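In each ligand, atom 1 is the first atom listed, and ligand 1 is the first ligand listed. Nothing here was measured: the structure is a model prediction, and the numbers come from that model.
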Amino acid sequence: MKFLDLAKVYIRSGSGGAGCVSFRREKYIEFGGPDGGDGGHGGSVWAEAVDGLNTLIDFRYQQHFFAQNGQHGMGRQRTGFTGEDIVLRVPVGTEILDEDEETVIADMTEVGQKVQLARGGNGGWGNVRFKTSTNQAPRRANPGQEGVERTIWLRLKLIADVGLLGLPNAGKSTFLATTSNARPKIADYPFTTLHPNLGVVGVDNVEFVVADIPGLIDGASEGRGLGDLFLGHVERCAVLLHLVDGSSGDLVRDYQTIITELEAYGEGLAHKPRLTVLNKIDTLDEEERAFLKDELEAACGTPVMLMSGVSGEGVTEVLRALRERIDANRLRHRPVEDDDAPWQP
Ligand SMILES: Nc1nc2c(ncn2[C@@H]2O[C@H](COP(=O)(O)OP(=O)(O)OP(=O)(O)O)[C@@H](O)[C@H]2O)c(=O)[nH]1
Ligand SMILES: [Mg+2]
């Protein structure tokens with residue numbers, strides 16, 4: 001499935017139907033009086049967060065969402081039909097922004113959440129409503145209220161528990177592939193990952209979601225490389241996992257590059273709980289490991305863990321450390337699989 005995390009959408013709610021001017025005309029009934037009905041209400045535009053979606057790609061193919069207009073009122077005091085509503089189905093984690101791309105109209109964080117984006121117009125009054133003692137044959141009716149037209153932006157910020165950070169080639173996708181059943185593309189050239197991937201990782205009977213995003217480089221906040229817009233997907237994570245490539249030759253500079261970019265991005269990302277891990281230790285001997293660990297710890301001021309996404313060494317320890325940093329109520333408990341139970345159809 002293709003991935004899209006920003007979409008521009010045009011919406012319009014239905015106009016109300018016009019009220020009707022009509023008079024009762026029937027055999028043997030004199031002075032039948034006004035009997036024009038009201039116009040129907042226009043349909044509204046809604047957004048609803050639904051389960052099972054993690055891209056906005058549908059909005060590339062459909063960008064216009066118009067709700068139905070209300071029907072006009074009719075004679076014999078009949079009200080017009082109400083126009084049908086239209087619902088935009090968005091993935092959980094979608095922010096709905098106004099045309100300026102800044103003002104947040106709604107933040108869809110829970111499945112089933114529903115917000116009204118444009119209200120349908122009221123139907124106009126028919127001439128029955130204007131009947132008074134002094135004007136018993138009113139020849140006026142209201143037009144329906146116009147629908148609302150607006151342009152909105154949808155911005156998806158995936159909801160994961162752990163966000164992976166690192167330079168290109170730091171081994172982020174490899175880590176996701178070894179720990180979950182996600183199958184991201186892995187290769188030894190930078191920018192292998194072009195869009196975020198999610199994977200469900202399990203450790204000690206609990207599960208959490210890890211997001212692998214494209215690598216950041218020096219100047220990403222100014223748009224270099226793939227830019228830093230993807231950091232939006234780790235904004236809502238409980239903890240960030242920063243992978244530093246142990247075989248790179250200049251650990252400290254690599255580390256600093258990412259931290260500088262996090263600070264430039266803002267949104268409090270630089271102050272989010274973060275775990276720094278020295279990766280690819282399968283390429284290092286004991287002495288190098290100890291030396292590089294000290295060097296990295298001196299740079300970041302917190303303990304550093306060692307891991308190899310390829311050999312699997314240290315991976316479980318890293319997962320446990322992540323788990324401790326995730327709020328207990330965000331974790332999902334894995335259903336206990338009972339292998340001894342007899343097979344049943
Ligand atoms: N020796 C060794 N190589 C690794 C390890 N983890 C990843 N690699 C290699 O490093 C290269 C890059 O790995 P990726 O997982 O694609 O790196 P990435 O961080 O996702 O890179 P981008 O998607 O470009 O940002 C691949 O050739 C991997 O095989 C590791 O623990 N040890
Ligand atoms: Mg990758």
I would like to know whether K157 and E267 meet salt bridge (charged side-chain N to carboxylate O under 4.0 Å, His left out); could you show each step before the answer? CA-CA 13 Å; K157 293 183 172 176; E267 308 288 339; 5.5 Å; no
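- Within ligand 1, counting atoms from 1 as listed, the ones closer than 4.0 Å to a heavy atom of G215 are 25 (O).
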Given K8 and T151, is the side-chain contact (heavy atoms from CB on, under 4.5 Å) satisfied, shown in steps? CA-CA 7 Å; K8 192 178 187 182; T151 307; 3.5 Å; yes
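- Side-chain atoms of T193 and S173 include a donor-acceptor pair closer than 3.5 Å.
- Here the heavy atom of the protein found nearest to atom 32 (N) of ligand 1 is D282 OD1, 2.8 Å.
- Not one N or O of P168 is nearer than 3.5 Å to an N or O of ligand 1, by distance alone.
- Defined by atom type and a distance below 3.5 Å, a donor-acceptor pair is present between the side-chain atoms of S308 and D282.
- Within the set I186, D188, L167, the minimum heavy-atom distance to atom 29 (O) of ligand 1 is found for I186.
- Residue-to-ligand polar distances keep K185 apart from ligand 1: every N/O pair is separated by 3.5 Å or more.
- Under the 4.0 Å criterion applied to side-chain N and carboxylate O atoms, R320 and E324 are not assigned as salt-bridge partners.
- When all heavy atoms of N127 and A141 are compared, the pair lying nearest together is N-CB, 4.2 Å.
- When only interatomic distances are considered, the shortest N/O to N/O separation between P214 and ligand 1 does not fall below 3.5 Å.
- Both L194 and I217 are members of a single hydrophobic cluster when ILVMFWY side chains are connected at heavy-atom separations under 4.5 Å.
- Protein heavy atom in closest approach to atom 10 (O) of ligand 1: K280 NZ, 3.0 Å.
- Contact check on D107 versus R236 returns a salt bridge, with a Lys/Arg side-chain nitrogen under 4.0 Å from an Asp/Glu carboxylate oxygen.
- Remark: among candidates T174, L164, L243, I213, the nearest residue to atom 7 (C) of ligand 1 is T174, based on non-hydrogen atoms.
- M108 and L154 fall within a single hydrophobic cluster, where Ile, Leu, Val, Met, Phe, Trp and Tyr side chains are chained together by heavy-atom contacts under 4.5 Å.
- Considering both main-chain and side-chain atoms, A170 comes within under 3.5 Å of ligand 1 through a nitrogen or oxygen pair.
- Distances between N or O atoms of G309 and those of ligand 1 include at least one value under 3.5 Å.
- In summary, the atoms of ligand 1 found under 4.0 Å from a heavy atom of V310, numbered by their order in the structure, are 2 (C), 3 (N), 4 (C), 5 (C), 6 (N), 30 (C), 31 (O), 32 (N).
- Aromatic ring pairs are classed by plane angle as parallel below 30°, tilted from 30° to 60° and perpendicular above 60°; the pair H64 and Y10 is parallel.
- Linking ILVMFWY side-chain heavy atoms closer than 4.5 Å, directly or via other members, places V115 and F65 in a single hydrophobic cluster.
- Checking only distances, F191 does come within under 3.5 Å of ligand 1, N or O to N or O.
- Between atom 11 (C) of ligand 1 and the options A187, G171, S173, the minimum heavy-atom separation is to A187.
- The protein non-hydrogen atom at the shortest distance from atom 21 (O) of ligand 1 is N169 N, 2.9 Å.
- Side-chain heavy atoms closer than 4.5 Å link hydrophobic residues (I, L, V, M, F, W, Y) into clusters, and following such links, possibly through other members, connects L275 to V162.
- Put simply, L88 and I96 are part of the same group of oily side chains (I, L, V, M, F, W, Y) that touch within less than 4.5 Å, one to the next.
- Which parts of ligand 1 touch N279 is read off a 4.0 Å heavy-atom cut-off, strictly below it: atoms 31 (O).
- Residues D212 and K172 are not paired through a salt bridge, judged by the lack of any N-O separation under 4.0 Å between the basic side chain and the carboxylate.
- Given atom 23 (O) of ligand 1, the protein heavy atom at minimum distance is T193 OG1, 2.7 Å.
- An N or O contact shorter than 3.5 Å is missing between T283 and ligand 1 by distance.
- Each of the following atoms of ligand 1 lies closer than 4.0 Å to a heavy atom of Y189: 24 (O).
- For ligand 1, none of its N or O atoms has an N or O atom of D212 under 3.5 Å away.
- The nearest N, O or S atom of N197 is not closer to the Mg ion (ligand 2) than 2.8 Å.
- Ranking protein heavy atoms by distance to atom 25 (O) of ligand 1, first place goes to K172 NZ, 3.0 Å.
- Close contacts between ligand 1 and P190 involve ligand atoms 24 (O) [criterion: under 4.0 Å to a heavy atom].
- With a cut-off of 2.8 Å, the Mg ion (ligand 2) has no N, O or S atom of T174 in range.
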